[in-house]
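Presented below is the structure to which this report refers.
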Protein chains: 2
Amino acid sequence: MANDIGWELYRSFLGVLREGSLSAAARALGVTQPTVGRHIAALEKSFGLTLFVRSQGGLLPTEAAESLRLHAEEMAKTAAALQRAAANQGTGVRGVVRVTASEVVGVEVLPTILAGLRNDFPELRLELVLSNRPQDLLHREADIAVRMFRPQQTQLVARRIGEIEVGLHAREDYLRRHGCPDQPQQLVDHALIGFDQQTDFIRQAARKLPAGFDRERFVLSADSDLAQLAMIRAGAGIGACQVPLASRDRRLVRVLPEHFSLPMETWVTMHEDLRNSAPCRAAFDALATGLQQYLAPD
Amino acid sequence: MANDIGWELYRSFLGVLREGSLSAAARALGVTQPTVGRHIAALEKSFGLTLFVRSQGGLLPTEAAESLRLHAEEMAKTAAALQRAAANQGTGVRGVVRVTASEVVGVEVLPTILAGLRNDFPELRLELVLSNRPQDLLHREADIAVRMFRPQQTQLVARRIGEIEVGLHAREDYLRRHGCPDQPQQLVDHALIGFDQQTDFIRQAARKLPAGFDRERFVLSADSDLAQLAMIRAGAGIGACQVPLASRDRRLVRVLPEHFSLPMETWVTMHEDLRNSAPCRAAFDALATGLQQYLAPD
DNA sequence: CGTTAGCCATACATAAATGTATGGCTGATC
DNA sequence: GATCAGCCATACATTTATGTATGGCTAACG
């Protein structure tokens, strides 16, 4: 049983996996090609197995190497998390804070809030991770999350912001041309902008939808919420979007407000260890107040 | 933004956190004290914060260092997982397989099975992690788990072994002295060996218990299942243990079998990626057949 | 109060890892 | 088919990291 293996080697290993060649990995890692080559050789010797077959134009990973990839990726993630955690540890509001949110919120709502935050704290840096899949706050894939459900785990500091209402909307001129439905059944005659049944939230919400607004009727469909929003704004038809978002755009009109209304609980969440971190705390507070204002503008 | 930090430094960092001094960490890591000292200094410089206050008799971690501890621990765990994964990748049944199980199963049932396995494959090494808290198979804290519940996650290969029955038992001579109860109410007059209400399984099972066998009646209590078992074997009173375990010991007699019977579903589980790993596969099969035999001896 | 055992810091020597330079190889492009 | 751009492997120089040796310090113990 040889001794433990230097963690640096794993880093080179991951580099080669990602980049596909010693040279490219070396460039990415800021070292030279022979160094990476030696690292891989050392690993292969330690493990007693071939990780890459040297071929022209690069190295291609063996099955064994692929099976180790996830572990290496996780090491990289953890190393990044550690480094960020350290950067946020000092005094003063400086460092990098990673914020995760849905695409729509990230594109439409957060920029204003974060810009204001950056204005108050010039030494603060922000990273946005936009994804509908919740990031793992416990392992610090992100520091702060804007989420549409009550967080389950303890160890998380969570603040409930309120409810974002989702409703059907269309552009004014679209409705003028096609008529504005005042009964759900009339939706059949309209161009409906739909969603793919992906997130848990949608699956739940789908049961509460009024008849007439179901998947088979969709004329335009997109898996991206942003694309749906863009289609609504372009006057392509009737679709669902957040009410406070639509009310910013004077051309957008709400459709069937009594029949179609989905409230989404909104939470801002972070790891409890970050309460004492000045930059995270500042970002957390800014997000909470900013989103509150988004929900209920004065 | 300084460059990324060498992963080796994190290893030294964790070493100092664990050992409490540069010298001790150096011994543990197989390097020298000045080296570790330089690593810590390098980290502190990179982060721009003090991780340890140098005091007589060692370094004591600052709050900042403590907040980074979990990340460092996780890096170590992942590195270990990667190394094990690599060791199991080669051809032939060799390498290290980590098996996790409850304490009772690990002490009473597995040794025979694993000894046989080792006999068949001398190059195979086994690590036992005994804990009632389930280990994380996805992150490979263990390779194979013996569990008392159906695994939730996909990505896991699971085989249902059957049901282990838990019943009340006591030693023959104890019952001869104190009489053998044939009604639950009579338990009141006996020395009951009890458990602390810790695991989920017990909390659920507690509801199904017959009257008379509840926490207030316990004369002897232990948080360790092994200690309870030892007390039953020592003839200290009546307690719960696995039926196939008790039936090995001729002196042990089952008590109130009609009134008290808890079946525990038993599963052997591993990560699906390990299906192609010869050592894991061998261990998985051996555990499955071995446990099956434990449940229903011919 | 001296002695011991533990610790950290420093200076210097040594070993190890990295970088530089080069050659040979392949496939693409003109 | 010649040129070029990309890659890996090797030999050699250099930097970097590590180990060795030592001194100073503090707490515990006789």
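Residue numbers begin at 1 in each chain, while the letters A, B, ... track the order of the sequences.
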Can you tell me the distance, in whole Å, between the [atom1] atom of [X] and the [atom2] atom of [N]?
X	N	atom1	atom2	value
B:Leu51	C:dC8	CG	C1'	16 Å
B:Leu60	D:dA27	CG	P	13 Å
A:Ile40	D:dA9	CD1	P	11 Å
B:Phe52	C:dA9	CZ	C1'	17 Å

Would you say B:Arg27 places a side-chain N or O within less than 4.0 Å of OP1 or OP2 belonging to C:dC7?
yes
Compare side-chain N and O positions of A:Arg54 against OP1 and OP2 of D:dA9 and report whether any pair is under 4.0 Å apart.
yes
Is A:Arg98 paired with A:Glu141 through a side-chain N to carboxylate O contact shorter than 4.0 Å?
no
Does the pair A:Glu74/A:Lys77 count as a salt bridge with the N-to-O cut at 4.0 Å?
no
Contacts table for residues 108-121 of chain A: side-chain donor-acceptor under 3.5 angstrom, sequence neighbours left out:
| unit_1 | atom_1 | unit_2 | atom_2 | d |
| --- | --- | --- | --- | --- |
| A:Glu108 | OE1 | A:Arg233 | NH2 | 3.0 |
| A:Glu108 | OE2 | A:Arg233 | NH1 | 3.0 |
| A:Arg118 | NH1 | A:Pro122 | O | 3.0 |
| A:Arg118 | NH1 | A:Leu124 | O | 2.4 |

B:Asn88 versus B:Asp143: any side-chain heavy-atom pair under 4.5 Å?
yes
Just so I know, are the side chains of A:Leu287 and A:Met270 near enough to count as touching, which here means a heavy-atom distance under 4.5 Å?
no
Nucleic acid contacts - residues 10-23 of chain B versus DNA chain C, non-hydrogen atoms under 4.0 Å
B:Ser21, B:Leu22, B:Ser23
Find every protein N or O atom lying less than 3.5 Å from an N or O atom of nucleotides 16-20 of chain C, and list the pairs.
| unit_1 | atom_1 | unit_2 | atom_2 | d |
| --- | --- | --- | --- | --- |
| C:dT18 | OP1 | A:His39 | NE2 | 3.3 |
| C:dT18 | OP2 | A:His39 | NE2 | 2.8 |
| C:dG19 | OP2 | A:Thr32 | N | 3.0 |
| C:dG19 | OP2 | A:Thr32 | OG1 | 2.9 |
| C:dG19 | OP2 | A:Thr35 | OG1 | 2.8 |
| C:dG19 | N7 | A:Arg38 | NH2 | 3.2 |

